[in-house]
Amino acid sequence: MSAVDDETFGQLLDAIRRFTRERLIPNEERVEAEDDVPAEIVREMRDLGLFGMSIPEEYGGLGLSMRQEALSVIELCRASLAFRSLIGTNVGIGAQGIVMDGTDEQKRRYLPGLATGELVASFALTEPDSGSDAASIRTSARRDGDDFVINGTKRYITNAPRASVFTLMARTNPNEKGAAGITAFLVPADTPGIRLGKPDRKMGQRGTKTCDVVLEDVRVPASAIIGGPERLNQGFKTAMKVLDRGRIHVSAMAIGTARRMLDEALRYATERRQFGQPIAEFQLIQAMLADSQTELAAGRALMLDAADTLEREGAAILEASCSKYYCTEMAGRVADRAVQIHGGAGYMAEYPVERLYRDVRLLRIYEGTSQIQQLVIARNTLKRFAAGTL
Ligand code: COS
């Protein structure tokens with residue numbers, strides 16, 4: 001796996017920090033009001049190379065290691081999560097299937113455009129009747145000569161309205177109801193037969209774009225299979241590997257947004273006076289600040305350990321799930337305390353914590369709910385115990 005040298009990475013991290021402070025945070029209210037990221041911000045994110053964070057340098061990306069990507073995401077997620085969502089699928093779940101399992105031809109065709117943000121990749125796994133039980137998907141890809149014909153509906157697909165290409169999981173073996181009958185395809189968004197549903201109305205994260213993707217007799221060649229025709233019926237594994245990596249990325253998001261919420265709580269607690277003194281001097285407020293600071297530090301250490309394990313061993317199933325589970329639950333608790341410290345003001349849209357509290361709720365749900373993480377953690381812990389490798 002790749003990484004850039006420490007000095008270059010330090011400069012990038014400084015640039016992201018400055019960009020977040022000077023450009024993203026001041027534009028948060030505008031994103032909320034317009035439910036979109038302004039075009040000039042998209043351009044600036046492209047100029048910084050953020051769409052290509054995790055794409056190898058030989059394909060025009062920055063070639064960051066998992067640790068470097070995660071540290072960058074922490075900085076970026078001190079601002080509204082909508083900004084990260086814009087690049088999220090190119091950095092993570094939309095593009096990683098190609099990086100991990102794609103053929104050379106697929107990498108050459110898609111990765112350079114994804115690295116610059118000229119193309120946007122979107123990950124299409126979830127369906128109306130298949131969420132946590134990802135292996136039960138029903139979207140079918142029926143072989144017809146040298147082609148496959150895809151029919152089905154994908155739901156809550158992030159960046160679908162912006163997508164140029166879908167990493168799409170479909171059932172190629174109708175006789176196999178589980179994971180072994182699933183193939184991952186690269187489906188250009190302008191392929192005839194693809195229709196987008198109306199934009200989803202969500203609890204938070206305004207400025208992020210999700211909708212249904214409906215496929216009616218969508219014809220793709222066998223060369224659209226990620227990794228080529230020999231990876232027929234191997235798509236579930238590609239999806240799971242992509243999600244493992246994504247779970248470390250989501251952990252970093254949780255840490256970044258939790259840091260921001262703690263900063264907001266600290267600022268409010270030191271400025272707001274009650275009973276003749278700043279509320280930060282009251283021990284019951286201090287207990288909430290202390291718990292948030294401690295849990296943030298623990299989450300960061302856990303996430304970086306998972307990132308290093310993935311980099312070193314090429315897989316980190318258990319570590320990624322522990323990290324996603326802890327960090328996203330932690331961010332939920334930090335959000336709750338931040339609102340509590342603000343008192344009545346925390347319930348008012350004037351203060352960022354009201355919006356951040358709604359935004360963060362999604363992290364415990366997508367890329368595998370907390371309950372799915374618990375299941376993966378327990379299964380893999382038992383497996384390692386039995387093998388004596390725990
Ligand atoms: N990496 C590589 N391969 C994996 C894997 C991983 N992390 N997890 C599972 N696999 C493989 C298994 O090894 C198995 O292959 P073999 O039969 O060759 O051994 C195959 O995939 C099926 O795995 P398993 O039997 O564990 O599948 P299950 O149906 O029991 O479910 C869970 C697995 C529940 C973990 C999976 O469906 C899941 O992660 N669900 C959540 C989905 C999700 O995150 N959705 C978010 C939508 S995108 S925002």
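All ligand and atom numbering here is 1-based and tracks the order in the structure.
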Peer 1: Is D101 paired with K241 through a side-chain N to carboxylate O contact shorter than 4.0 Å?
Peer 2: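 Looking at K241 and D101, the cut-off is met.
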Peer 1: How many angstroms lie between CZ in R78 and OG1 in T20, if you round to the nearest 0.5 Å?
Peer 2: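 If I round to the nearest 0.5 Å, the distance is 9.0 Å.
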Peer 1: With Y268, which residues qualify under ring-ring contact (aromatic ring centres under 6.0 Å, His included), at least two apart?
Peer 2: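 Applying ring-ring contact (aromatic ring centres under 6.0 Å, His included) to Y268 gives H342, Y351.
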Peer 1: Taking atom OH of Y59 as the centre, does the number of heavy atoms from other residues, nucleotides or ligands within less than 6.0 Å exceed 12?
Peer 2: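 Buried by this count: over 12 neighbours within 6.0 Å.
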Peer 1: Please tabulate, for side-chain N and O atoms in residues 115-123, each donor-acceptor pair with protein atoms closer than 3.5 Å (sequence neighbours left out).
Peer 2:
residue: T116; atom: OG1; partner: G113; partner atom: O; Å: 3.1
residue: T116; atom: OG1; partner: E118; partner atom: N; Å: 3.2
residue: S122; atom: OG; partner: T158; partner atom: O; Å: 2.7

Peer 1: Identify the protein atoms, limited to N or O, that lie within less than 3.5 Å of an N or O atom of ligand 1, and list each pair with its distance to 0.1 Å.
Peer 2:
residue: ligand 1; atom: 7 (N); partner: D244; partner atom: OD2; Å: 2.7
residue: ligand 1; atom: 18 (O); partner: K237; partner atom: NZ; Å: 2.8
residue: ligand 1; atom: 26 (O); partner: R379; partner atom: NH1; Å: 3.0
residue: ligand 1; atom: 30 (O); partner: R379; partner atom: NH1; Å: 3.1
residue: ligand 1; atom: 30 (O); partner: R379; partner atom: NH2; Å: 3.1
residue: ligand 1; atom: 37 (O); partner: S132; partner atom: O; Å: 3.3
residue: ligand 1; atom: 39 (O); partner: R247; partner atom: NH2; Å: 3.2
residue: ligand 1; atom: 40 (N); partner: S132; partner atom: O; Å: 2.8
residue: ligand 1; atom: 44 (O); partner: R247; partner atom: NH2; Å: 2.9
residue: ligand 1; atom: 44 (O); partner: G368; partner atom: N; Å: 3.0

Peer 1: Y325: what forms a ring-ring contact (aromatic ring centres under 6.0 Å, His included) with it, not counting sequence neighbours?
Peer 2: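 Applying ring-ring contact (aromatic ring centres under 6.0 Å, His included) to Y325 gives none.
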